[in-house]
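First the structure, in the form of structure tokens, and then the observations on it.
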Amino acid sequence: MRWVVDKVDVVVVGAGASGLMCAATAAYRGKRVLIIDHANKAGKKILMSGGGRCNFTNMDAAPKHFLSDNPHFCISALRRFSSQDFVDLVDRHGLDYVEKTPGQLFCEHSAKDLLDILMTEVEWSGAELKLNTKIHSIDFQDKQTIVKTSQGDVTCESLVIATGGLSIPTMGATGFGYDIAKQVGHDILPTRASLVPITVQPDRKAQLAELSGIACDIAATANGTCFQEPMLFTHRGVSGPSILQITNFWQPGEALNINLVPTLSSDDLTTVRQNTPKKSFEGFLSNLLPKRLVELVKTEFPWLNDRSAQTSNDQIDALYQYLSNFDIAPNGTEGYRTAEVTLGGVNTSEVSSKTFESQKQKGLYFIGEVLDVTGWLGGYNFQWAWASGYCAGQYV
Ligand code: FDA
């Protein structure tokens, strides 16, 4: 059914994390706000995030946890709306949550509890939500903007683009935000899927697939950045926190170091030989690595179950090299199909870090993931959505 709304103060396109936050903030200020989304449900990514329990913020969130061509851009908003501010909001609604890894807050029961809070805020604020609505065109005029949609046309003073990035197209992700930005002359920094599993070359894939399902603590290093967290072997390659994190810093074709024994040095192996000459390195490694992984190492080093006293320095060096520079033969990532975020996006040097208004088009605002601001894994990306949404909501 068509709706007829002629004029509102603010149209927010995208009923995701940043859009809902912005809409409620603006409507609480007395603005008449309409949120438009083409999906049949608001906040789909919130529902699927954090394994269904949404890692909704990180108490340590600071600018150093965000990547951007313009690293200073995020500072002001993160300061004006901190993780504690978001925690205060969910506390007012009585959300049950838990801190898993230090700093990372997850819903105790379900991500739906968090989405319910946002929807309650939207309702209390008086913002209106229209789902299943396609935007045909946006016409920027002198003092107003006309948004033409599948359900009617609406005129507004402020238009907020909160349409997110390109990851998980099946959940409604589109490049709409980038298209609107380009329409008014914005520069879009190259986008790529990130916080995403890494795929491996076909001949290595068969070997590593044998290890599918096992996890171990590793150090992943690329371009000078290192994450020491678990890695998970999958049927297609490798995943787990350390791998997802490193994809913010690594691109196919670049060097990627995987150290299976980040707590060991080559000298430690020599000491093992000295201290336990009658025991094998197989036994020693079995205390550090999953059994199936040790079996794979043994196919490369058949002497592994000999007494360590029998191994030469060269053999120990070769073993350490193999373990500390484990070859996963990466050939790419799983792409937007499974990526948590999109790196790159609307160039923030053309957007106000205070109001989030475009410097190219008066009355146009960009918030959330559509901007060239990407957080590490661990609740940082939602914190950016809340902070940018809240801050823009103060000015639209
Ligand atoms: P978001 O993607 O939330 O919302 C965009 C909205 O715009 C959607 O509702 C979409 O339907 C709508 N839209 C798009 N195109 C449109 C168009 N043409 N017309 C109308 N509407 C349109 N982060 C984190 O901090 N902790 C976590 O635990 C996770 N976990 C996680 C898991 C998975 C599987 C994914 C994919 C992502 C995460 N993230 C995350 C990342 C987090 O979900 C993401 O950074 C935020 O949702 C971004 O918020 P936005 O509001 O910018 O976009």
Side-chain angles (χ1 to χ4, degrees), residues 11-23 34-58 61 65-66 83 86 97 100-101 103-107 111 114-115 118 129-138 147-151 159-180 193-197 239 241 244 248 334-343 345-346 356 366-390 392:
V11 167
V12 176
V13 186
S18 63
L20 295 174
M21 189 71 179
C22 179
L34 175 68
I35 316 166
I36 298 176
D37 203 297
H38 64 165
N40 58 358
K41 196 169 173 36
K44 284 189 176 184
K45 275 193 191 163
I46 295 172
L47 292 177
M48 73 187 303
S49 67
R53 287 174 58 199
C54 186
N55 176 195
F56 57 83
T57 193
N58 192 306
H65 301 118
F66 294 85
S83 11
F86 193 72
Y97 55 86
K100 278 197 180 174
T101 311
Q104 298 184 11
L105 303 191
F106 286 76
C107 297
L114 185 79
L115 182 57
L118 293 169
L129 171 63
K130 293 289 178 194
L131 297 168
N132 297 306
T133 304
K134 286 205 164 31
I135 295 180
H136 295 320
S137 67
I138 291 180
V147 182
K148 296 195 167 168
T149 84
S150 54
Q151 300 203 49
L159 175 71
V160 183
I161 302 297
T163 46
L166 296 167
S167 52
I168 325 266
T170 49
M171 285 289 137
T174 67
F176 179 83
Y178 309 131
D179 295 341
I180 296 302
S194 196
L195 301 184
V196 61
S239 185
L244 300 186
N248 262 349
E334 290 188 5
Y336 291 118
R337 190 178 61 79
T338 62
E340 288 200 9
V341 290
T342 303
L343 269 169
V346 176
F356 289 82
F366 295 95
I367 56 173
E369 200 182 315
V370 72
L371 288 163
D372 168 41
V373 176
T374 306
W376 291 11
L377 185 78
Y380 301 106
N381 285 294
F382 276 131
Q383 185 54 36
W384 174 245
W386 316 136
S388 57
Y390 175 84

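Order of appearance sets the numbers: ligands from 1, and atoms from 1 within every ligand.
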Is it the case that the ring center of Phe382 lies less than 6.0 angstrom away from the ring center of Trp386?
yes
Full working for side-chain hydrogen bond (donor to acceptor under 3.5 Å, both in side chains) between Gln383 and Ser83
CA-CA 6 Å; Gln383 185 54 36; Ser83 11; 4.7 Å; no
Aromatic plane relationship, Phe86 with Phe56 - under 30° parallel, 30 to 60° tilted, over 60° perpendicular
tilted
For the residue pair Leu115 and Leu20, establish whether any side-chain heavy-atom pair is separated by less than 4.5 Å.
yes
Close side-chain approach of Lys45 to Ser167, heavy-atom, < 4.5 Å:
yes
Ligand 1: protein N/O within less than 3.5 Å of ligand N/O:
residue, atom, partner, partner atom, Å
ligand 1, 3 (O), Ala17, N, 3.4
ligand 1, 9 (O), Asp37, OD2, 2.6
ligand 1, 11 (O), Asp37, OD1, 2.8
ligand 1, 11 (O), Asp37, OD2, 3.4
ligand 1, 15 (N), Thr174, OG1, 2.6
ligand 1, 18 (N), Thr174, OG1, 3.3
ligand 1, 21 (N), His38, N, 3.4
ligand 1, 25 (O), Asn381, N, 3.3
ligand 1, 25 (O), Phe382, N, 2.8
ligand 1, 26 (N), Asn55, O, 2.9
ligand 1, 28 (O), Gly50, N, 3.3
ligand 1, 28 (O), Asn55, N, 3.3
ligand 1, 30 (N), Glu340, OE1, 3.4
ligand 1, 45 (O), Glu369, OE1, 2.9
ligand 1, 51 (O), Ala17, N, 3.4
ligand 1, 51 (O), Ser18, N, 2.8
ligand 1, 51 (O), Ser18, OG, 2.7
ligand 1, 52 (O), Glu369, N, 2.8

Mark yes or no for whether Thr342, through its side chain, and Leu166, through its backbone, hold a donor-acceptor pair below 3.5 Å.
yes
